[in-house]
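Letters go in sequence order (proteins before strands), and every chain restarts at 1.
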Amino acid sequence: MTVRTRFAPSPTGFLHIGGARTALYCWLEARHRGGQFILRVEDTDRTRSTDEAVQAILDGMAWLGLDHDEGPIYQTDRGDRYRAVAHSLVEAGKAYYCTCTRERLDTLRQASLDEGRKPRYDGHCRGRRHLEAGETAVIRFQNPDHGSVAFDDRIKGRIEWANEELDDLVILRSDGWPTYNFAVVVDDSDMRISEVIRGDDHVNNTPRQINIYHALGLEPPAFAHLPMILGGDGQKLSKRHGAVGVMQYRDDGYLPHALLNYLVRLGWSHGDQEIFSNQEMVELFDVANVNSAPARFDFAKLDWLNQHYLKTNNPAAIAPQLGWHLRALGIDPDSGPAPADVVVALRERVHTLKEMAERARIWYAPVEHWDSAAVRKHLGAATAPAALAAARKAFATLPDWSPEAIHEAIKLVSAELEVGMGKVAQPLRVAMTGTQVSPSIEHTVFLAGRDGALQRIDTAIERSAGAHAGEA
RNA sequence: GCUCCCUUCGUCUAGCGGUCCAGGACACCGCCCUCUCAAGGCGGUAACACGAGUUCGAGUCUCGUAGGGAGCGCCA
């Protein structure tokens, strides 16, 4: 039997981090076993579902590169099918019409709670196979009264429930639309899903669904319930923790693969391996190895992974994404150095592309802000004027404008002046950036461009003179 | 309240009865390297929730306790 998995979000918001991991695991399981991955949109709650949310989910999956083989299939397109199956269940004596009022149901629920029992429908309408003309009703599934339901969860192991714990759930609402527990069964069986991988908030629904499978004469698929992802404080993930849409991670400067790598290791492992290419994930992933305990989301590790990929990916591949972030900051990438060169200079110093774009700003516009401590300490140094002048002269005639050539030139200057590298590099650094922190000096100078570098040195020499005059 | 699930360093995890005075990674601390900041190298602190039981032997199996979580809708 070919493996078929599905990701079935309800379009009531963006694709958040938990959904993204579920989608990833479903995708990996399908790819690993050479099967198909199906995307299904569970939009039967028409009051909460929106087209924008559908688009946000599609965008998020596309950004992560989780491509589906079938779908998106919309449940709202399948109303007739659910109604037909629900009515067939009534005819088969396995479901019935229920006309109980909300008031009666509420009273019932409250009474159970007051007595310390689990709220449960009492079966009042059991046996109603027909409706009077004009009467509206829901259809309830008639759950078995005795015995138990069990299944072997691929992550949590065997789970068993007494049927006494379950009640007759509504499968078709009075508006003719199916409820979740019924729609999934019809869909998963129609779509020949072999493995249901979903959040473990669905564990409690599984026995009800299995009973429906049996009533329909169907064999249930395999189930794998993923533990949830918690915020860094161990609380349920909320917006302040990163429960934002995955597209926010793009905006914050994360590489999609870094997020994927982080997510795949959150709750799953393969020995001591931390870094996984897409191909390795597909080869090694097995849903049965997923941890059964919930995991906390840790930005520090995500940052580390993101930087790892920033450092090891081809700069040319990262350049367009840096360009995107530069533009987001209102910087024209064409007004300064090539983004790929910026990547090389900054990738060991930042964790995200956003941070990289912010720090790249100094090469796309003249120095505006001069750090006074930096000016005083380095432009005001006794050897600064001579160092700057010598460097300027060397740069002006450098045959090859490259970090390597610049590095050699600076070494030569420091040797000639008989001062340490720092005495040349630091004044230059302040000249280029207005601060005393930047990438290695040769890259910092290189990125300014020859003309830009000479200009910045001229400006700095004036300031240096001012600093010395101020002392005198 | 009831039912179900979960519990190894701060965090993610390895561990599938002896090779574990518990390994790796992130974070943190220290040293080295060094033109700043990083990156990198080396080293360090740090965990089997608790209690019984099974066993020659338990982080690993069983049962309790405690603590977390989920579900109990004409939401998904």
Report yes or no: do [X] and [Y] form a side-chain donor-acceptor pair below 3.5 Å?
| X | Y | result |
| --- | --- | --- |
| A:H225 | A:R198 | yes |
| A:Y254 | A:D303 | yes |
| A:R78 | A:Q75 | no |

Pick the nucleotide of RNA chain B nearest each of A:R359 and A:N291; which residue has the one closer to the 5' end?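 Taking each residue's closest nucleotide, the earlier one in sequence belongs to A:N291.
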Hey, which of these two, A:R102 or A:Q426, hits RNA chain B nearer its 5' end, going by closest nucleotide?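 Its nearest nucleotide being more 5', the pick is A:Q426.
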Any Lys/Arg nitrogen of A:E355 or A:R349 sitting under 4.0 Å from an Asp/Glu carboxylate oxygen of the other?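 Salt bridge absent between A:E355 and A:R349.
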Quick one: do A:K411 and A:E416 make a salt bridge, cutoff under 4.0 Å?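 The answer is no: the pair does not qualify as a salt bridge.
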Its contact letters, B for base, S for sugar-phosphate only and - for none at protein heavy atoms under 4.0 Å, make nucleotides 23-34 of chain B read BBBSS-------
Does the protein touch nucleotides 64-73 of chain B at the base, only the backbone, or not at all? Give it as B, S and - per nucleotide, heavy atoms under 4.0 Å. -----SBBBS
If you take atom types as modelled and just measure distance, does the side chain of A:R429 reach the base of B:U36 with a donor-acceptor pair under 3.5 Å?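 Indeed there is one.
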Taking [M] as the reference, what is the distance to [N] when you measure between their [atom1] atoms (whole Å, please)?
| N | M | atom1 | result |
| --- | --- | --- | --- |
| B:C9 | B:A49 | C1' | 14 Å |
| B:U11 | B:U45 | C1' | 16 Å |
| B:G51 | B:A66 | P | 15 Å |
| B:U13 | B:A27 | C1' | 14 Å |
| B:U62 | B:G24 | C1' | 31 Å |
| B:A47 | B:C32 | P | 28 Å |
| B:A58 | B:C50 | P | 15 Å |

What does [X] touch in the nucleic acid at a heavy-atom separation under 4.0 angstrom: a base, only the sugar-phosphate, or nothing?
| X | value |
| --- | --- |
| A:P9 | nothing |
| A:L266 | sugar-phosphate |
| A:S438 | base |
| A:Q307 | sugar-phosphate |
| A:S10 | sugar-phosphate |
| A:K311 | sugar-phosphate |
| A:S440 | base |
| A:E165 | sugar-phosphate |
| A:G267 | sugar-phosphate |

What is the distance from [atom1] of [X] to [atom2] of [N], rounded to the nearest Å?
| X | N | atom1 | atom2 | value |
| --- | --- | --- | --- | --- |
| A:N181 | B:C74 | CG | P | 11 Å |
| A:W268 | B:C12 | CH2 | C1' | 13 Å |
| A:R296 | B:U7 | CZ | C1' | 11 Å |
| A:R158 | B:C5 | CZ | P | 12 Å |
| A:I229 | B:U11 | CD1 | P | 16 Å |
| A:L388 | B:C35 | CG | C1' | 14 Å |

Just name whichever nucleotide pairs with [N], Watson-Crick or G-U, keeping both distances under 3.5 Å, else none.
| N | result |
| --- | --- |
| B:C35 | none |
| B:G67 | B:C6 |
| B:A58 | none |
| B:A25 | B:U11 |
| B:G1 | B:C72 |

Picking from B:C5, B:U36, B:A76, which would you name as closest to the side chain of A:D45?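 For A:D45, the side-chain atoms sit closest to B:A76.
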Nearest listed nucleotide, side chain of A:A295, among B:C12, B:C74, B:C5: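 That would be B:C12.
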For A:R208, run the side chain to side chain donor-acceptor pair (under 3.5 Å) check against A:D167, A:N181, A:N163 and tell me which one passes.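 Only match with A:R208 under side chain to side chain donor-acceptor pair (under 3.5 Å): A:D167.
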Is the number of heavy atoms from other residues, nucleotides or ligands within 6.0 Å of NE2 (A:H124) greater than 12?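 12 or below, so no.
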Heavy atoms, side chains only, cut-off 4.5 Å: are A:I457 and A:F395 in contact?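 Heavy-atom side-chain distance check passes, below 4.5 Å.
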Are the aromatic ring centres of A:F182 and A:Y180 under 6.0 angstrom apart?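 No.
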A:F276 ring center within less than 6.0 Å of A:W268 ring center: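 Between A:F276 and A:W268, which both carry aromatic rings, the centre distance is below 6.0 Å.
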Parallel, tilted or perpendicular: ring planes of A:F446 versus A:H443, cut at 30 and 60 degrees: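 The rings of A:F446 and A:H443 stand perpendicular, inter-plane angle above 60°.
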Residue pairs passing the salt bridge (charged side-chain N to carboxylate O under 4.0 Å, His left out) test where at least one lies in residues 94-103 of chain A, sequence neighbours excluded: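 Qualifying pairs, neighbours excluded: none.
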